[in-house]
Amino acid sequence: MLLDSFTKAWEVFVGHIQDSWLHDNRSITAPALRCLEKATKSFSTAEHLKDRTLEALEIVWRACDEMGGVLLEKGPAAMHMSPSTNSDVKSLTQESLMAYVDVIRCTRSVGRQLEHCEWSLERLTRLMTILKGVLTYPSSPDFRPDVDSLSPVQNVVMEAVDSIDLSAPGVASLVLRDLSEYATLPFLAAFEIQVAPPSSAVSTTSKPSRSGVQRVTYIALSKKTIPLLVELFLRFKEDAAIYADGTIEALFAAYSIPIKLKYECPAPSRFGSDEPLWKTATTSFLRIVKECGPQMKKLHSIPPDRIEGVWRQVVDTFRGGILADCSTSEHFPLEVQEAEENFDLSLVASLEIDVVPYLGDPSVPDYIISQLARVLQQGSRLRVTDDDLPPSPSSLPDSKDTHRATEDQSSSDLGKPARFGDASIGMGTTAPGRFLPRERFSYWCFDLLFLICSDTSQDQIPSRKRIAALSIPSLLERCRMTLVSYVADEALRGNLPFPRAREEELLYVLRKLLSLSLWPGTLWAALSDSPSSYCTQLPDLDQSLPPSELIADAVKRSTKAHLFHFYPILCEIVSIPRKTPSAWVMSAAPRTAAGTSEATSADVRRSMSWSDVASGMIQEGHAVELDARMLVKECLREVGRELGVGH
């Protein structure tokens, strides 16, 4: 290194290694790269020749950069491109790829030792691109199994990523985004290769057999990166940059893929009993969502479009989890079905605790809140008819105009009282329809939809009022479907009983409507041109209106406005001549000393939700037989009391 000719000699040496990478027999490439690695490591002892050492390391990096270009040309993205100048490059073995990554790691390590700082963001960006090319290189002749544990190449790549210093600006975002891509590889980049049989077994007439196919799955890589993303986020959750540059959106988008696929995800292991990928992704996603809301509220430097993007992606991911296809679970043992349903309860609980309190912030657009309500509306469905299409966890539309058109249509329908014979319901049917699996989960979604529209929660009142005003159309539409379809079908069925699920659904809706108390003016705001503006401050009543219009305007401001909305259909139900559905439920009130009690209207309003009764959560109280006619009468009495004519 003391000779003037060292730099030129070193360039020639590195050039030979690079030529071996491009053209040599692959049994030579890996040893050649190991020679370069050992020579590079020796620079760590030449600290007194810092300038010459850094120059030599720069030569090594330039060579690694050019060699990485070969990988990227051979990668999945370039498989359908026109042939390049390096199209004659032989396929690289896994051993060669490992040696190549070790050379890069060694170059970085020695450089950091001399300069006491990490590479620049630009160079780290190129490094991460090369490492992804190594991971997704499709042409190796000797892939290793990568389901239960990382393959050697995947392991050395992850070690290289782990060694990056994340303290410099932009580096944490870079690593988080790339690791998010790693987590999606099993679903987007897995591929099959034909394994060549032993030469003695080769036949000139035989065709490739399925037994000779090996699949590169990236499953172990995904199992490692999904929880690792949580750890990195928790380290940098107070850094506004990861929110402002779209990193959090990319992270949530990566989690949404296995969450939406659910039971269609590939098996997490071949020989073990690892947790399914969708469960690992769901748990990790919910841990990040829990921290995301409070942090975004504290950080004031996040652009509005990025706040919108984050919450939009959050709602999209919840949509995927709530509306995922769960038909596969119907074939599981009953105790497993119950455990799977209980696991998904965490989605509803997280929505209530970690999302809803922050979603009403003025920085969140109206359409995102409305979309969440529609997700809960779809998630609460118990059955589909022949005319219905089952909800699908597709991504939210990109166009805000699409959301606005949907909201305008909802507001138009909302302004009309629910009546029997609505065109959207038809004239009834005797067909039972197809009942969806996971009835309890549907009721949990229904419970949350009622909760966000009610005045139950007394914290962050302006935010709660805004969410209620934007969500009430979805709630009323969901209830209307149940009530109007019941009246229409009952007229055709006569004395033929309804299925149990439909009777319980009707009773549930009536009980929840009876106990529901809206924020004052919620329905008025929902019907206005700007629900977010009027949800907290309504204009004064126009005293010049005719009496009928004055009353109509006043009842929309009532806490029982939803009962006025359903007044026509409630009258239809109460006038049905045949016996209406009934069920025994537990009142929340304790028994009297005599052990008996009357079912008063107050008891009905204090009763627990049907899902609580059905799940056996009631510990005290007394059994009350409720029928639909009695519940409707109580609803009509509430209407009278609100008008000042009931006692």
Side-chain angles (χ1 to χ4, degrees), residues 334-335 337-338 341-342 345 348 380-383 432-433 435-451 454 456 478-479 481-483 485-487 489-490 493-517 562-563 566 569-570 572-638:
L334 290 179
E335 61 274 11
Q337 290 187 40
E338 183 178 1
E341 204 169 3
N342 289 336
L345 176 60
V348 180
S380 69
R381 298 181 69 180
L382 299 173
R383 70 185 186 106
F435 288 93
L436 299 173
R438 308 198 322 155
E439 185 177 313
R440 286 192 309 156
F441 185 78
S442 296
Y443 277 116
W444 290 333
C445 292
F446 217 161
D447 282 339
L448 182 57
L449 186 55
F450 269 103
L451 178 64
S454 72
T456 303
R478 176 64 181 86
C479 295
M481 291 166 54
T482 298
L483 299 177
S485 63
Y486 168 75
V487 174
D489 294 353
E490 197 279 339
R493 298 176 72 94
N495 291 322
L496 178 66
F498 280 87
R500 171 200 60 81
R502 288 200 64 183
E503 292 191 348
E504 291 179 359
E505 180 185 16
L506 175 67
L507 292 169
Y508 170 89
V509 168
L510 290 174
R511 293 174 64 209
K512 295 294 280 188
L513 287 174
L514 178 60
S515 62
L516 176 63
S517 177
H562 55 288
L563 296 181
F566 287 120
I569 191 62
L570 294 176
E572 294 278 353
I573 295 175
V574 82
S575 63
I576 290 175
R578 289 167 289 276
K579 177 175 170 54
T580 56
S582 62
W584 286 89
V585 298
M586 295 299 295
S587 167
R591 293 178 181 273
T592 62
T596 59
S597 176
E598 276 192 355
T600 65
S601 60
D603 288 332
V604 175
R605 287 194 296 275
R606 288 198 301 264
S607 295
M608 301 290 286
S609 68
W610 176 257
S611 56
D612 291 336
V613 175
S615 61
M617 292 173 59
I618 307 301
Q619 299 297 325
E620 62 178 1
H622 56 273
V624 179
E625 184 179 16
L626 299 180
D627 67 79
R629 197 187 315 277
M630 186 191 82
L631 289 168
V632 170
K633 286 179 180 179
E634 288 295 333
C635 291
L636 294 175
R637 289 193 184 101
E638 283 289 340

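- For the side-chain contact (heavy atoms from CB on, under 4.5 Å) test with I573, the passing option among V487, L636, L631 is V487; the others fail.
- A donor-acceptor contact shorter than 3.5 Å links the side chain of E341 to the backbone of R440.
- Ring geometry for Y443 versus F446: interplanar angle under 30°, hence parallel rather than tilted (30 to 60°).
- Judged by distance alone, the side chain of S442 and the main-chain N or O of R381 form a donor-acceptor pair under 3.5 Å.
- Here CG of L449 is found 6.0 Å from OG of S380. Values are rounded to the nearest 0.5 Å.
- Comment: R478 engages E505 in a salt bridge, judged by a side-chain N to carboxylate O separation of less than 4.0 angstrom.
- The CG atom of L496 sits 11.0 Å away from the CZ atom of R578 when rounded to the nearest 0.5 Å.
- Each of R502, R383, R500 was scored for a salt bridge (Lys or Arg N to Asp or Glu O under 4.0 Å) with E439, with one residue passing: R500.
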Evaluation steps, salt bridge (charged side-chain N to carboxylate O under 4.0 Å, His left out), between R493 and E490: CA-CA 5 Å; R493 298 176 72 94; E490 197 279 339; over 6 Å; no
Apply the test side chain to side chain contact (heavy atoms under 4.5 Å, CB included) to residues L483 and L506: give CA-CA distance (whole Å), side-chain angles for both, the deciding distance (0.1 Å), then the verdict. CA-CA 7 Å; L483 299 177; L506 175 67; 3.6 Å; yes
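- Considering all non-hydrogen atoms of both residues, L563 and C635 come closest at CD1-O, 3.8 Å.
- Separation of atoms CD (E634) and CG (L570) is listed at 12.5 Å; rounding is to 0.5 Å.
- Expressed to the nearest 0.5 Å, how far CG of L513 lies from CD of E638 amounts to 11.5 Å.
- Relative orientation of the F450 and Y508 rings is perpendicular, given thresholds of 30° and 60° on the angle between their planes.
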Quick one, Y486 with I576, criterion side chain to side chain contact (heavy atoms under 4.5 Å, CB included). Give me CA distance, side-chain angles, the key distance, then yes/no. CA-CA 11 Å; Y486 168 75; I576 290 175; 3.7 Å; yes
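- L510 is not listed as a side-chain neighbour of T482, based on a closest heavy-atom distance of 4.5 Å or more.
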Going through the distances and angles, do M630 and T580 end up as a side chain to side chain contact (heavy atoms under 4.5 Å, CB included)? CA-CA 9 Å; M630 186 191 82; T580 56; over 6 Å; no
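- Nearest approach of C445 to V348, heavy atoms of both residues: SG-CG2, 4.3 Å.
- Scanning both residues, V574 and K633, for their nearest heavy atoms gives CG2-CG, 3.9 Å.
- Across L507 and A583, no two heavy atoms sit closer than the pair CD1-CB, 3.5 Å.
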